[in-house]
Amino acid sequence: MVSPETVTALRGGRVYLSSGVIEGGQVVFQDGKILSAGPIGPLPSGARILDLDGTLILPGLIDLQVNGGAGRAVMEATPEAIEAIAQDLARRGTTSFLPTLISAPRELLQEGLSAISGASARGGGATVLGAHLEGPFLNPKAAGAHLQAHLRPPDLGELERYAESWEGGPLVLTLAPELPGALSVIQGMARWGWIPAMGHTAATYEEAKLAIAAGARLATHTFNAMRNFHHRDPGVLGAILDHSEVMAGFIADGVHVHPAALRMAVRAKGPEGTFLVSDATPLGEAEIPEALMGEISVRVRGGRAETPEGVLAGALLPLRGALKNGMKFCQLPLENVLPWVSENPARALGISHRKGRLAEGLDADILVLDLDLEPRLVFVQGEPVLDRR
């Protein structure tokens, strides 16, 4: 029997479900889990009711690429840094994420994975779902802001050493599939249930196709740090757009990808093949002018996050901002773009039975926005982390 004193009902807002939008609906949760989501219905006597007329009630946002926030960097490789980032993300509407480690020496990556695992166990703020290793197996010709000195050939043995101590959930590895040894790494990742992603790559169409056949299932910041598309040489980008097995991630800040390019790519991938990331840095939304990500200095300049050499190094918008831009750039309503930052990332990680939707039995990760898409309430597994009513 449900204990009424622990039941919370969010009532009266526009509720966004996978099956459609409910005007003046209701989301009910208890002990961190959703009990029901849909039209307003009866509640146990004594349940706590929050009247949210005039708001939008969404599933919490899921970000698969986060380098930092609130002046802290994932590359600090401490649980305290990860937790500070998690708290900052939650206040901006992101309820779960993958802390992202960039190319670095083996020892630092090991320390970073241990820190992420430790932060995941302690909780607080947005939920740490796992980790994203963006590198070090990247093509030096498409390194972007990654330091050339820390790039190295794909090595399954190196990943095995990480796997021996990793207990932190799903892990995404971004690598260049054309490098010698990459296909063996992609195939070997299956034994741990890790997820191969293609990125920072100069692969041809044929090389990318082999990687997809081997198990590559994601594309990291599609278009950026990738071989260009040509009608006689479609390259890795052509393979990503041409293969439904691959889900394509985009940084929708209007800097990394032109709105027209995003629109065309989304049409090619379809509604289930697209997800958005923030690629957030310690700079936040440009509140902090300069910071470090490991050995890389990043700064705000001309509305961009870049290195002193002028190379793009992450973005300056939260995932909620990417959601707004996705609507604007692709000329689509909220209900069409919302899965790109909720349901699709959850499916990419194999956790759609836990997160990404407002549905019975899933985690009570809930984002309440006003009509301008500004956050008013945020719940992470039923716990309030922001209340601006």
Side-chain angles (χ1 to χ4, degrees), residues 9-29 34-41 50 52-64 92-97 244 247-254 257 259 262-278 317-349 351-380:
L10 310 181
R11 276 193 160 183
R14 188 183 302 161
V15 179
Y16 285 77
L17 308 179
S18 294
S19 57
V21 180
I22 305 295
E23 295 288 348
Q26 171 180 280
V27 179
V28 184
F29 59 91
I34 296 173
L35 300 179
S36 64
I40 289 178
L50 302 184
L52 297 176
D53 284 350
T55 67
L56 313 175
I57 304 176
L58 321 176
L61 310 186
I62 302 173
D63 199 337
L64 302 190
R92 300 175 194 266
T94 296
T95 56
S96 50
F97 73 112
S244 60
M247 193 177 294
F250 300 91
I251 305 171
D253 61 352
V257 180
L262 180 63
R263 286 194 296 274
M264 290 187 288
V266 166
R267 291 192 190 104
K269 294 308 301 176
E272 295 185 352
T274 300
F275 67 96
L276 305 180
V277 299
S278 69
L317 81 170
L319 193 57
R320 180 176 47 80
L323 171 64
K324 293 173 69 172
N325 282 346
M327 295 167 59
K328 177 182 176 182
F329 297 163
C330 296
Q331 301 164 12
L332 292 171
L334 175 58
E335 56 265 34
N336 288 53
V337 180
L338 179 60
W340 306 351
V341 292
S342 55
E343 190 170 350
N344 290 358
R347 186 160 45 83
L349 295 185
I351 58 169
S352 55
H353 61 291
R354 292 169 41 209
K355 296 185 180 291
R357 296 171 291 131
L358 298 178
E360 180 183 354
L362 273 66
D363 289 346
D365 294 345
I366 304 169
L367 171 60
V368 179
L369 302 176
D370 63 21
L371 298 184
D372 294 322
L373 302 188
E374 293 300 318
R376 290 293 172 258
L377 274 167
V378 181
F379 295 89
V380 176

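When reading the values below, keep in mind they use all heavy atoms of this one structure, side chains included, and skip hydrogens, waters and symmetry mates.
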Nearest heavy atoms of Val28 and Ala9, plus distance in Å: CG2-CB, 4.1 Å
Checking Ile251 against Val277 for the side-chain contact (heavy atoms from CB on, under 4.5 Å) test, could you report, in this order, the C-alpha distance in whole Å, the side-chain angles of both residues, the deciding distance, and whether it holds? CA-CA 6 Å; Ile251 305 171; Val277 299; 3.8 Å; yes
Do side-chain atoms of Asp372 reach the backbone of Glu374 as a donor and acceptor pair under 3.5 angstrom? no
Pairing residues for Asn336 by the side-chain hydrogen bond (donor to acceptor under 3.5 Å, both in side chains) criterion, not counting sequence neighbours: none
pair Leu367-Pro375: side-chain heavy atoms closer than 4.5 Å: yes
Rounding to 0.5 Å, atoms CG (Leu17) and CD (Glu335) come to a distance of 11.5 Å
Using the test salt bridge (charged side-chain N to carboxylate O under 4.0 Å, His left out), find all partners of Asp365 that sit at least two apart in sequence or belong to another chain. Lys355
When you compare the side chain of Leu56 with that of Leu371, does any pair of heavy atoms fall below 4.5 Å? yes
Those residues at least two apart in sequence (or on a different chain) that pass salt bridge (charged side-chain N to carboxylate O under 4.0 Å, His left out) with Arg347 are none
Looking only at heavy atoms, which two atoms of Gly12 and Ile40 are closest? And how far apart? N-CD1, 4.2 Å
All heavy atoms of Glu360 vs all of Leu35, minimum pair found to be CG-O, 3.4 Å
Would you mind reporting whether Thr55 and Leu377 have side-chain heavy atoms less than 4.5 Å apart? no
Name every donor-acceptor pair, under 3.5 Å, that has one atom in a side chain of residues 318-327 and the other anywhere in the protein, sequence neighbours excluded.
| from | atom 1 | to | atom 2 | distance (Å) |
| --- | --- | --- | --- | --- |
| Arg320 | NE | Arg92 | O | 3.2 |
| Arg320 | NH1 | Leu373 | O | 3.3 |
| Asn325 | ND2 | Ala252 | O | 2.8 |

Positive for side-chain contact (heavy atoms from CB on, under 4.5 Å) with Val341, one of Leu61, Thr274, Leu64: Leu61
Test side chain to side chain donor-acceptor pair (under 3.5 Å) on Thr94 and Asp63; report intermediate values, then the result. CA-CA 7 Å; Thr94 296; Asp63 199 337; 4.9 Å; no
If I take atom CD1 from residue Ile57 and atom CZ from residue Arg14, how far apart are they, to the nearest 0.5 angstrom? 11.0 Å
Between CG of Leu358 and CD of Gln26, what distance do you get to the nearest 0.5 Å? 12.5 Å
Hey, what do you get for OG (Ser278) to CZ (Phe97), rounding to the nearest 0.5 Å? 10.0 Å
Do Asp363 and Thr95 have side-chain heavy atoms sitting under 4.5 Å apart? no
Considering all heavy atoms of both residues, which atom of Pro339 and which atom of Pro345 are nearest to each other, and what is their separation? O-CD, 3.5 Å
Only pairs under 3.5 Å count here: list side-chain donor-acceptor contacts from residues 262-269, not counting sequence neighbours, and write none if there are none.
| from | atom 1 | to | atom 2 | distance (Å) |
| --- | --- | --- | --- | --- |
| Arg263 | NH1 | Phe329 | O | 2.8 |
| Lys269 | NZ | Ile240 | O | 2.7 |
| Lys269 | NZ | His243 | O | 2.7 |
| Lys269 | NZ | Val246 | O | 2.7 |

Can you give me the closest heavy-atom contact between Met247 and Ala348, atom names plus distance? SD-CB, 3.9 Å
Please determine whether side-chain contact (heavy atoms from CB on, under 4.5 Å) holds for the pair Phe379 and Val27, giving the CA-CA distance in whole Å, both sets of side-chain angles, and the decisive distance to 0.1 Å. CA-CA 12 Å; Phe379 295 89; Val27 179; over 6 Å; no
With Ser36 via side-chain hydrogen bond (donor to acceptor under 3.5 Å, both in side chains) - residues at least two apart: none
